[in-house]
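Worksheet: one structure, shown below.
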Amino acid sequence: MSQFSPVLTKSWFKPASHTYAGYKANGGYEALPMALKMQPAEIIDAVKASNLRGRGGAGFPTGMKWSFVPKDSPKPKYLCVNADESEPGTFKDRLILEQDPHSLMEGIAIASYAIGVHTAYIYIRGEYLEQAEILEKAIAECYEAGIFGKSVLDSGWQLDVYVHRGAGAYICGEETALLESLEGKKGWPRLKPPFPAVVGLFGSPTVVNNVETINTVPTIIKMGAANYAALGTPKSGGTRLVCVSGHVNKPGVYEIPMTLSFNDLIHKEEWCGGIPGGRKVKAVIPGGSSAPVLHHSELDVAAEYEALKAIDNMAGSGAVVVMDDSTCMVRALWRVSKFYAEESCGQCTPCREGTVWMERIIKKIEEGQGEHKDLDLLKSVVNAIAPYPPIGLGTTICALGDAAALPVHSFVDKFREEFEQHINEKRCPFPHPFGVLADEGVRS
Amino acid sequence: MAAPFTTEQQKQFDEEMEKHLARFPEGGKGAAILPGLHIVQDLIGWIPPEGMVQVAEKCQATPERVREVASFYVMYFTEPKGKHVIDVCTNISCSLRGAETLIRHMEEKLGVSMGEITDDKLITLREFECLGACGNAPVLQVDSRFHMNMTLKKADQLIEDLRKQAGKKS
């Protein structure tokens, strides 16, 4: 893979990459004039042809999403950029906002022109205060440079862009909850249909796209849809960003080819460089904590949408969490389940009640109080939220139910012996169920 | 109902709200509720009922709706908090790199449990869900600003710095 060269991240960590001047110096804002010479429909066709898939988690084809916006609607249309990055393990969008905010700005301008949008909102999670400040600066630079404002690059196209801060709620990353939150309500997902493309923000046609998705648009226009598509696989165009965390020597955001396997990503020197202390991988979360966990015997699969789907898994948000053989899988699942119990919005009964039940049962097992019938109880609760496989059988309005269920299904199914060991021994058999801090020394 | 702001704060609140209200169409002014609550909290440290009423009036919404919003999101404090808020991430990636130890250490050092305010009202310590800096785990935020690759030493230093800062000002 040494011949692989990144197309999205090549300017990252260069001096002043986050400024207008720095972005321009690295070849930025060359795609926007090209796009403005095209017809809006041509841009949508190009994005379709690029096989770009949404990078927020669902992997829906972006060009198709844009094409669902009715052309003849008398209502204003909106673009909402989803910067509510909250899926556990995910931090790629934060890096984009810090390193390459103008690529996002250019993407917003191109997408807005293509869809027919005059007002775009960037909904950013409230905790990203420093990143919101970077965006405010970038937006001000864009107004100054005539990228935004009354006439985008003198084309006559008006575009206003605003940053809107959330206030701490994972659910607002779900696109309809995001719209509710943006409208000034609690983040309760909407029943679909109607889809946001038809009835979205303020009842108007709206496209909600993830930061990385929009950030990729200038690259597609610049290098050409066919060239971009050719970087990927037949159904998943281009490259993608993954965020690797947990027990690896070099955690971080990597731009990878779609064909790269988890084994290579984790172990190869040019990527994450293996596991600290020469330990072995036990399990890997492949796409954010909502994705089913991968057993160490499954790591030859490519970190890509179709390959993962074929094994009833998902590429999700690109968050790869690596757990070495010292990790207690019961403890890990308990922590993941605690998150969903905390973040369930409370609207649907199976999720509101079920997430709390699951968290309690897993905690009970981890603390050595578990009984064998608890595993059956856990299965019955999880099946009431979302049976599995395949992914997507959830009984709730939004996918948070599925997201809470998938780790429970997969951890228990793939590491059942660890759960049984906890129950049989009436204790957690791991001396250090989780990792240790850098200044605590190496674990025994 | 008593005014939540000083005259100067009121002026700032009004100005900031105007800026946000202008971003939304007629009939959609409720969208300024989240920004409004952030503004109130930035000005006076938390969001008292009087602050919610002010936001409601600006946004053509009922105080009940504003209260519903304020209570839904974890970044809003509807009761007084410490001068600084330390949010320690304990989600999966941070826990895999020792966040549980970090939390126990900070609780001991500050003499509080998660969710409590120190006696001197300086620090509210909270356990927080994924902060989006998992490649630099474990992480925490002080007043929504990141501190990454935390160690016990760095945590001690951080607390000391906050205490020193407060001492200087008083």
Side-chain angles (χ1 to χ4, degrees), chain A residues 76 85-91 93-95 119 121 125-130 160 162 164-170 172 181-187 201-202 243-247 251-253 285 289 319 321-324 327 331-332 335-336 339 342-343 345 433-440, chain B residues 20 23-25 27-38 41 55 59 61 65-66 68-76 87 89-102 105 128-138 141 143-146 149-155:
Chain A
E85 182 171 63
S86 313
E87 173 70 23
T90 316
F91 50 102
D93 295 341
R94 181 176 57 79
L95 267 286
T119 309
Y121 300 98
R125 65 181 297 191
E127 295 87 349
Y128 282 4
L129 176 63
E130 293 158 295
D160 288 303
Y162 304 110
H164 195 88
R165 286 180 65 213
Y170 167 69
C172 292
S181 179
L182 187 43
E183 289 180 3
K185 300 170 192 160
K186 61 182 191 282
L201 187 65
F202 307 124
C243 347
V244 189
S245 64
H247 298 141
V253 172
I285 293 171
S289 68
V321 184
V322 179
M323 293 172 267
D324 73 16
T327 312
R331 184 76 153 208
R335 186 57 192 86
V336 167
F339 171 74
E342 171 71 28
E343 297 294 340
C345 80
F434 273 151
V436 290
L437 278 161
D439 55 359
E440 279 185 292
Chain B
H20 282 279
R23 297 175 174 186
F24 306 108
K29 299 298 182 191
I33 291 177
L34 267 77
L37 291 170
H38 277 304
Q41 185 159 298
V55 172
C59 299
R65 172 168 164 201
V66 175
E68 180 182 60
V69 172
S71 63
F72 185 81
Y73 297 92
V74 296
M75 287 181 73
Y76 295 136
D87 289 324
C89 176
T90 62
N91 210 306
I92 183 78
S93 302
C94 282
S95 278
L96 289 171
R97 287 190 169 246
E100 287 189 356
T101 313
L102 179 65
H105 180 79
F128 216 77
E129 292 300 349
C130 185
L131 285 165
C134 327
N136 302 86
Q141 283 192 332
D143 304 328
S144 300
R145 295 188 187 275
F146 277 106
N149 302 310
M150 288 304 295
T151 59
L152 300 183
K153 252 193 205 144
K154 280 165 94 170

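All chains are named by letter (A, B, ...) in the order of the sequence lines, taking the proteins before the strands, and each is independently numbered beginning at 1.
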Just so I understand: if I count every heavy-atom pair under 4.5 Å between each of [options] and chain B, which residue has the most?
options: A:Gly168, A:Ala319, A:Pro251, A:Gly89; result: A:Gly168
options: A:Ala167, A:Ser245, A:Pro88, A:Pro76; result: A:Ala167
options: A:Glu127, A:Glu343, A:Arg331, A:Glu183; result: A:Glu127

Side chain, backbone, both or neither: which part of [X] has an atom under 4.5 Å from a heavy atom of chain A?
X: B:Ala137; result: neither
X: B:Thr90; result: both
X: B:Asp143; result: backbone

request  = Test B:Glu68 against A:Lys185 for side chain to side chain contact (heavy atoms under 4.5 Å, CB included), laying out the working first.
outcome  = CA-CA 8 Å; B:Glu68 180 182 60; A:Lys185 300 170 192 160; 5.9 Å; no
Working to the nearest 0.5 Å, report the span between [atom1] of [X] and [atom2] of [Y].
X: B:Met75; Y: A:Arg165; atom1: CE; atom2: CZ; answer: 5.0 Å
X: A:Arg335; Y: B:Leu96; atom1: CZ; atom2: CG; answer: 10.5 Å
X: B:Ser144; Y: A:Arg125; atom1: OG; atom2: CZ; answer: 10.0 Å
X: A:Arg94; Y: B:Cys134; atom1: CZ; atom2: SG; answer: 8.0 Å

request  = For residues B:Tyr73 and A:Cys172, determine if any side-chain heavy atom of one lies less than 4.5 Å from a side-chain heavy atom of the other.
outcome  = yes
message = Restricting to non-hydrogen atoms, name the atom on B:Leu34 and the atom on A:Gly166 that form the minimum distance, rounded to 0.1 Å.
response = CD2-CA, 4.1 Å
Name the member of [options] that forms the most heavy-atom pairs with chain A at distances under 4.5 Å.
options: B:Lys29, B:His38, B:Lys153; value: B:His38
options: B:Gly36, B:Gly28, B:Pro138; value: B:Gly28
options: B:Leu37, B:Asp87, B:Leu131; value: B:Leu131
options: B:Leu102, B:Asn149, B:Ile92; value: B:Ile92

Between the side chain of [X] and the main-chain N/O of [Y], is any donor-acceptor distance below 3.5 Å?
X: A:His164; Y: B:Ala32; value: no
X: A:Glu130; Y: B:Phe146; value: yes
X: B:Arg65; Y: A:Gly184; value: yes
X: B:Arg97; Y: A:His247; value: no

Proximal component of [X], with respect to chain B [non-hydrogen, under 4.5 Å]:
X: A:Val322; value: backbone
X: A:Val321; value: side chain
X: A:Cys345; value: both
X: A:Tyr170; value: neither

inquiry  = Working note: B:Arg145 + A:Leu129, criterion side chain to side chain contact (heavy atoms under 4.5 Å, CB included); need CA distance, chi angles, decisive distance, verdict.
reply    = CA-CA 7 Å; B:Arg145 295 188 187 275; A:Leu129 176 63; 3.7 Å; yes
message = Check the orientation of B:Phe24 and A:Phe202. Use parallel for under 30°, tilted for 30 to 60°, and perpendicular for over 60°.
response = perpendicular
